[in-house]
Amino acid sequence: MNATPILPNYINGHWCASNTTEYLEIINPATAELLAQVPLSTAFELNQAAEAAAAAFITWRRTPPTERVQYLFKLKNLLEEHFQDLARTITQECGKTLAESQGEMRRAIENVEVACGIPMMMQGTNSEDIAKGIDEMMIRQPLGVAAVICPFNFPGMIPFWFLPYAIACGNTYIVKPSEKVPLTMQKIFQLLEKTGLPKGVVNLVNGAKEVVDAILEHPQIRAISFVGSTPVAKYIYSRGAANGKRMQCQGGAKNPIIVLPDADIEMTTRIAADSAFGCAGQRCLAASIAVTVGEARHTFTEAIAETARKRVVGNGLDQGVEMGPVITTQSKTRIEELIQKGADEGANLLVDGRNPNITNYENGNFIRPTILQNVEPTGEIARTEIFGPVLSLIHLNSIEDAIALVNSGQYGNMACLFTSSGAAARKFRYEAEAGNIGINIGVAAPMAFFPFSGWKESFFGDLHGQSNHAVEFFTQTKVIVERWPSQWSRQF
């Protein structure tokens, strides 16, 4: 019998075993199969990675950006070559369907492609003769060592909101993958190694809170990116900022979709179901509240309930499966308890997905799509991020009431409107207080050439991941004012 693999770290261009004595088991959430063990590395190992990255920065920052992006071109080709294997690995450790994993890796690759434009994206500005004989310019320079603390729900995509931009801008980088899903990043780092990147430019340290705190405290780490829940985002943001680091921390969400009476109900239902139940609801842009206005209450409610009941749940690698399991047994228990909390608050369990029997996968962490009807807008269930395949239905009388509900929430990650009215769409995108707005779109996920936005308690910081925001985040500006009187300069 083969021994369960223990995952190594990647520090200064070398794969190295952790010196820890603590490990976590990586379990396939659909089959309960043991996939690997991940070490809970120590602060000492994080320090080794930071020191290696700091040493590599001295040379890397002097490498022309046109040369730096050549490694990204190689990485893009390697990601394409290993696309299917990476997608299967995401499904095995994270649980989402293979199609969802393929979509995730496609978005990761898109960020590599955009970051290849750094030679232009990183350009500065200049003005001649700001005063007689005096010129002024602004240039961008890399920060130094940066790091990302990753969540479990998109192990392939989310690191690429940051990593390619960071290294293309001349920084060196440390990745701390989620200890729940470390296998995908292991394979990605094997591909990064094949690009020939100089030692220390990219580093991988597995671990949990000890490594996170070491990242927040290390004096040579200048910038930190994080995606996760709002309570953890607040902790990481406040502690990192207190240590003088540049921070961008994506938090939780409670995303509403608004359905007006003039919406195409068939299209809206299909899109809303994909939004609410895609990735088993475990994404920061999942629809979690559907607000029906006027006559949409009856048509949409009947349609979404029927769609939820018919959704095929199972192992994401099996053909025809539309939704996989949630990540852990603890998550399953928490979600089911929140469903009960909604019922206790007076909501009607229109579709109850708890405790399903999934043939051949009885040990998996499965919950079927669940719909809570007549949820109290001010109740706990309407404010709590469930992070599971649960959609709450609320009915209001006007678009003004719906927008007021959107704006009353503590989160501001995404809000979507379904309508055939251009005037209603403009009103909504103008007034809704959320960083990502969808019109007849269920998941308003920006393309890689737009920043990933987020407002209120869904984001802490000033600059988001992806595109020009990433370039701003991973560079610091330097302004130079020059004056060269002719008597000071050598004459030709």
Side-chain angles (χ1 to χ4, degrees), residues 7-11 24 26 29 36 38-41 45-46 49-50 53 79 86 89-90 92-96 101 104-105 107-109 111-112 145-167 171 173-192 202-216 221 223-233 235-237 240 245 247-253 279 282-285 327-328 331 387 445 448 452 454 459-461 464-466 470 473-474:
L7 304 183
N9 295 323
Y10 185 78
I11 298 174
L24 289 180
I26 307 306
V38 63
L40 299 185
S41 301
E45 291 163 290
L46 184 279
L79 290 171
L86 290 168
T89 301
I90 292 171
Q92 287 171 334
E93 69 174 347
C94 188
K96 62 184 65 175
S101 298
E104 174 178 346
M105 282 310 306
R107 298 306 292 271
I109 292 170
N111 274 287
V112 177
V145 183
V148 61
I149 302 165
C150 303
F152 77 83
N153 56 335
F154 287 91
M157 179 186 72
I158 286 178
F160 282 90
W161 289 354
F162 315 108
L163 184 151
Y165 303 97
I167 64 174
N171 303 280
Y173 214 61
I174 300 170
V175 176
K176 204 296 285 184
S178 168
E179 62 273 23
K180 296 177 182 177
V181 289
L183 293 171
T184 302
M185 198 48 55
Q186 285 276 314
K187 292 190 173 183
I188 286 173
F189 262 74
Q190 290 167 9
L191 301 182
L192 282 164
V202 292
N203 303 272
L204 169 70
V205 182
N206 292 293
K209 190 175 186 299
E210 182 176 349
V211 172
V212 169
D213 286 341
I215 290 172
L216 297 173
I221 296 177
I224 298 171
S225 306
F226 169 81
V227 178
S229 69
T230 288
V232 180
Y235 169 81
I236 288 176
Y237 178 79
K245 303 184 188 303
M247 305 295 295
Q248 52 182 187
C249 297
Q250 189 80 31
C279 300
Q282 298 174 123
R283 55 185 175 189
C284 60
L285 290 180
I327 187 67
T328 62
S331 292
F387 222 62
F452 189 100
F459 183 74
F460 302 89
H464 297 82
Q466 299 193 155
F473 184 78
F474 289 115

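- Side-chain N or O atoms of N9 include none that pairs as donor or acceptor with a backbone N or O of E45 at under 3.5 Å.
- When all heavy atoms of A470 and W161 are compared, the pair lying nearest together is CB-O, 4.3 Å.
- Atom CD of E210 sits about 11.5 Å away from atom CD1 of I215, to the nearest 0.5 Å.
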TODO: Output, in order, the C-alpha distance, side-chain angles, deciding distance and verdict of side-chain contact (heavy atoms from CB on, under 4.5 Å) for F162 and V227.
DONE: CA-CA 11 Å; F162 315 108; V227 178; 4.1 Å; yes
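- A pairwise comparison of heavy atoms in A50 and V145 identifies O-CG2, 4.2 Å as the closest pair.
- E93 contributes atom CD, which lies 3.5 Å from atom OG1 of T184 (distance to the nearest 0.5 angstrom).
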- [ ] Please lay out, stage by stage, how Y235 and T230 fare under the test side-chain contact (heavy atoms from CB on, under 4.5 Å).
- [x] CA-CA 9 Å; Y235 169 81; T230 288; over 6 Å; no
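- Within the 3.5 Å criterion, the main-chain N or O of I90 finds no donor-acceptor partner in the side chain of K96.
- Atom CD1 of I26 sits about 10.0 Å away from atom CD of Q186, to the nearest 0.5 Å.
- The closest side-chain heavy-atom distance from I188 to F160 is below 4.5 Å.
- Here the side chain of K176 pairs no donor or acceptor atom with the backbone of C150 at under 3.5 angstrom.
- V211 has its side chain out of reach of L40: every pair of non-hydrogen atoms, C-beta onward, lies at least 4.5 Å apart.
- The closest donor-acceptor contact from the side chain of Q248 to the backbone of H464 lies under 3.5 Å.
- You'll find the side chain of V175 stays beyond 4.5 Å of the side chain of I149, heavy atoms only.
- The shortest distance between side-chain heavy atoms of F460 and I236 does not fall below 4.5 Å.
- When only modelled atom types and interatomic distance are considered, E179 and N206 share no side-chain donor-acceptor pair under 3.5 Å.
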TODO: Please lay out, stage by stage, how Y165 and Q466 fare under the test side-chain contact (heavy atoms from CB on, under 4.5 Å).
DONE: CA-CA 8 Å; Y165 303 97; Q466 299 193 155; 4.2 Å; yes
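- A heavy-atom distance below 4.5 Å is not found between the side chains of C94 and E104.
- To the nearest 0.5 Å, the span separating CZ on R283 from CD1 on I158 amounts to 11.5 Å.
- Looking only at side-chain heavy atoms (C-beta outward), L163 and V112 stay at 4.5 Å or farther from each other.
- With hydrogens and angles disregarded, no donor-acceptor distance shorter than 3.5 Å links the side chain of Q250 to the backbone of C284.
- A search for ring-ring contact (aromatic ring centres under 6.0 Å, His included) contacts involving Y10 returns W15, F189, not counting sequence neighbours.
- In this structure, A233 and G251 approach most closely via the heavy-atom pair CB-CA, 4.0 Å.
- Using a 4.5 Å heavy-atom threshold, the side chains of F459 and F452 count as separate.
- Here the NZ atom belonging to K245 is positioned 5.5 Å from the CD1 atom belonging to I224, to the nearest 0.5 angstrom.
- Remark: the backbone N or O of A166 is paired with a side-chain donor or acceptor of N171 at under 3.5 angstrom.
- Under a 3.5 Å cut-off, the side chain of S225 and the backbone N or O of V148 do not form any donor-acceptor pair.
- P177 has its side chain within reach of L204: a pair of non-hydrogen atoms, C-beta onward, lies under 4.5 Å apart.
- Of all heavy-atom pairs between A448 and N111, the closest is CB-OD1, 3.5 Å.
- A distance of 5.5 Å separates OG in S331 from CZ in F152, rounded to the nearest 0.5 Å.
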Task: Steps toward side-chain contact (heavy atoms from CB on, under 4.5 Å) verdict (Y173, F474) - done: CA-CA 11 Å; Y173 214 61; F474 289 115; 4.0 Å; yes
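- In plain terms, the two heavy atoms of P182 and L7 that are nearest each other are CG-CD1, 3.4 Å.
- Contacts of Y237 classified as side-chain hydrogen bond (donor to acceptor under 3.5 Å, both in side chains), with partners at least two apart in sequence or in another chain: none.
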